[in-house]
Amino acid sequence: MEWGDQSEEEPREPNQADGMGTLWSQEISPEERLPMEGSRPWAVARRVLTALLLLGLLLCSSVLLFYIFRNCGPSPCETSVCLDLRDHYLASGNTSVAPCTDFFSFACGRAKGTNNSFQELAKRNKNLLRRILEAQNSWHPGSGEEKAFQFYNSCMDTRAIEAAGAGPLRQVIEELGGWRISGNWTSLNFNRTLRLLMSQYGHFPFFRAYLGPHPAFPHTPVIQEMAPAIDWLSCLQATFTPMSLSPSQLLMVHDLEYLKNMSQLVEDLLLKDRDFLQSHMILGLVGTLSPALDSQFQEARRKLSQKLRELTEQPPMPARPQWMKCVEETGTFFQPTLAALFVREAFGPSTRSAAMELFTAIRDTLITRLRNLPWMNKETQNLAQDKVAQLRVEMGASEWTLKPEVAQEEYSDIQLGPSFLQSLLSCVRSLRARIIQSFLRPFPLHRWQVSPWEVNAYYSISDHVVVFPAGLLQPPFFHPGYPRAVNFGAAGSIMAHELLHIFYQLLLPGGCLGCDTHALQEALLCLERHYAAFPLPSGTSFNDSLTFLENAADAGGLAIALQAYNKRLLWHHGETVLPSLDFTPQQIFFRSYAQVGGRHLPPQLALCQMNALFLKLMELPSSDTPPPNTPDPLPQTSSLSSFLIPPYSLESPPR
């Protein structure tokens, strides 16, 4: 039965064959009692319900869109590491300076003293080592950990060092044949004394001698005849025992003219004034060993150093506390042991994973840019991409130093006591023996040139490996909990800089046979003109070859890091910002880069370079066409070990 407007329809007759027809027709279902669509009350109700439904959907959609857009934008990072970084930026920046006018002063203008972020981080890393060495732990007797802790405690025991006075030094002088100043003295046997100083005390009064790999020997100067005052074979054999040397041994001589003049001077003194020659050698040894002696020797050495720096117009060296000296010496002699302990504290699996993820993003961006370099032909681009793809990266610490059995076997020959000086000399001999042994046996891994806690990074040409120690990948340069802008701006730009060292030879004249020389030179001249526009202190220049290559790597590294970060923002949401600073992610990126931008330069040069890079980057197009993209200067060291131990590798200096 169809329901409709009954007033307009004829009444239906009941079924005569069915006596129940009328009754049945009246027993309808509840659904059939609803009004029809065409009824006016239902039409009004339907429109009201539809309007309410649309209004509800609109309201829900607005709330949802507001929630989505609010969460797509950067949210403040309220963790303790982010709050610490915010406080660091507030303490170091100078917001009264316009960033587009003087960006370096804006970012770092309030930094107190002469220390930059690298120096501050290095100090914090040493503080962590100090806490590790001063922690109360029980170690296995005779283990590397026990010896490292005993050496550190002996170094810190200034009361015992003061009580010993000059006694330990007198014993050393007597072993060398005496000294007129100290009383007993025997006639000088020049080469015997020199041999003992070099082999037993790590002191080189006239020249340095060290082991290091060298890729080729274009010529071999012969020093036996040109500098005959030195018994070269016996001195070097004693120094590098158990390495077997012969008169035909190949040696790399850095300054043959100096050795010739030095030999002539020694011969003259042996004939005219042997006492003076003896005093020169012993006095030099006393100066070298004075940091391990009591305060009278240390004060005398400090005054001498200060006077020499005044004569050479250098600023005085800042005083260092005893704990820092002891941490440095312990780290030098017990590096494998402290490496494992430092990495366990400061570079856990989550930090390493985040650092590798950052490096992968930087490397992939570099490969992308190499595909679009206008001054490289296709074949050279492919070779460059393959070279980057084949690069090995090592982070945290050397794989070798983290092996548990290393700490036990490394220090079996170290005898500690009875005085700190004797402990130090035993460590000197042990370290030299380990260095020599490492060159006598095959070593499949890359030999790290820095300690894991150092704030350095470098690229090794011979091993084709780039190294980022755990000490570098720390706040304020890197942390897994930082906004990505911070990590890409600081650690990411450093990674990109080191990767560009792979190609620095291409920028030298004739270094890239498959390159458009004219296009390359135009790019280099563009960068050179930009740097030249900034005034520099007298006597400095950005145009010498080494500095210019570093500048190119800085500019290219910054551009690569920024492109990698922007790509990361495009594909990954959830970026955060530092609270209460009102900085966009890109502004945080540049603020983070400012922490590492002037790491090797005095403040005036750092200011010029940072401003140049900032303004230059603002001119870069957003395409993959990069600006023109090296060995770094050797780090300056001042610890006792830097006087005692010659470097075993100068092949590719760390940053």
Side-chain angles (χ1 to χ4, degrees), residues 72 74 77 81-82 85 347-373 381 384-396 457-459 464-470 472-503 553-577 584-597 613 617 620-627 629 655:
C72 282
C77 176
V81 293
C82 287
L85 183 65
F347 201 70
S350 61
T351 304
R352 177 182 175 83
S353 176
M356 286 299 299
E357 181 181 352
L358 175 62
F359 175 80
T360 300
I362 297 295
R363 181 194 61 194
D364 292 347
T365 301
L366 172 59
I367 292 176
T368 300
R369 293 178 75 90
L370 288 172
R371 298 192 188 108
N372 298 280
L373 280 179
Q381 288 178 2
Q385 294 173 55
D386 291 342
K387 196 164 186 179
V388 175
Q390 295 165 7
L391 178 73
R392 290 191 300 113
V393 58
E394 295 188 8
M395 288 188 179
Y458 68 93
Y459 164 67
H464 194 45
V465 59
V466 64
V467 172
F468 302 103
L472 176 68
L473 300 172
Q474 302 292 320
F477 302 157
F478 180 83
H479 191 279
Y482 277 168
R484 295 189 185 101
V486 176
N487 292 336
F488 275 87
S493 64
I494 293 174
M495 291 176 177
H497 179 109
E498 297 304 329
L499 286 177
L500 291 177
H501 280 187
I502 302 173
F503 307 109
D554 276 335
L558 178 57
I560 290 169
L562 180 60
Q563 181 179 340
Y565 174 62
N566 289 333
K567 182 179 179 181
R568 183 76 179 180
L569 284 183
L570 182 64
W571 294 104
H572 297 80
H573 300 293
E575 176 62 304
T576 58
V577 293
T584 67
Q586 283 76 14
Q587 288 173 327
I588 293 177
F589 173 92
F590 284 105
R591 187 67 178 269
S592 180
Y593 177 79
Q595 303 298 312
V596 304
L613 284 175
L617 201 64
L620 293 177
S622 59
S623 68
D624 288 333
T625 304
N629 291 326
R655 290 187 61 75

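Everything numeric here is computed off the predicted structure, so don't read it as measured data.
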Using side-chain heavy atoms (C-beta onward) and a distance below 4.5 Å, is [X] in contact with [Y]?
X      : Y      : answer
Val81  : Pro475 : no
Asp554 : Tyr593 : yes
Tyr459 : Leu500 : no
Gln587 : Val577 : no
Arg352 : Leu473 : no
Phe589 : Leu558 : yes
Phe503 : Leu366 : yes
Glu575 : Arg568 : no

For Tyr482 and His479, take the angle between the two ring planes, folded into 0 to 90°, and tell me which bin it lands in: parallel under 30, tilted 30 to 60, perpendicular over 60. tilted
Working for side chain to side chain contact (heavy atoms under 4.5 Å, CB included), residues Val466 and Met495: CA-CA 9 Å; Val466 64; Met495 291 176 177; over 6 Å; no
Salt bridge (charged side-chain N to carboxylate O under 4.0 Å, His left out) assessment of Arg484 paired with Glu357: CA-CA 11 Å; Arg484 295 189 185 101; Glu357 181 181 352; 5.8 Å; no
Would you compute the distance between atom [atom1] of [X] and atom [atom2] of [Y] and round it to the nearest 0.5 angstrom?
X      : Y      : atom1 : atom2 : result
Phe488 : Ile588 : CZ    : CD1   : 14.0 Å
Phe468 : Leu358 : CZ    : CG    : 9.0 Å
Lys567 : Leu569 : NZ    : CG    : 13.0 Å
Ile362 : Gln563 : CD1   : CD    : 9.5 Å
Thr365 : Leu370 : OG1   : CG    : 11.0 Å
Leu562 : Asn566 : CG    : CG    : 4.5 Å

If you compare all heavy atoms of [X] against all heavy atoms of [Y], which two are closest, and at what distance to 0.1 Å?
X      : Y      : value
Ala485 : Pro585 : CB-O, 3.2 Å
Leu472 : Phe477 : O-CD1, 3.7 Å
Gly492 : Ala561 : C-CB, 3.9 Å
Ala361 : Ala564 : O-CB, 3.9 Å
Thr368 : Asn372 : O-ND2, 2.9 Å

Please check if the side chain of [X] supplies one atom and the backbone of [Y] the other of a donor-acceptor pair under 3.5 Å.
X      : Y      : answer
His501 : Ala553 : no
Ser592 : Ala490 : yes
Glu394 : Val465 : no

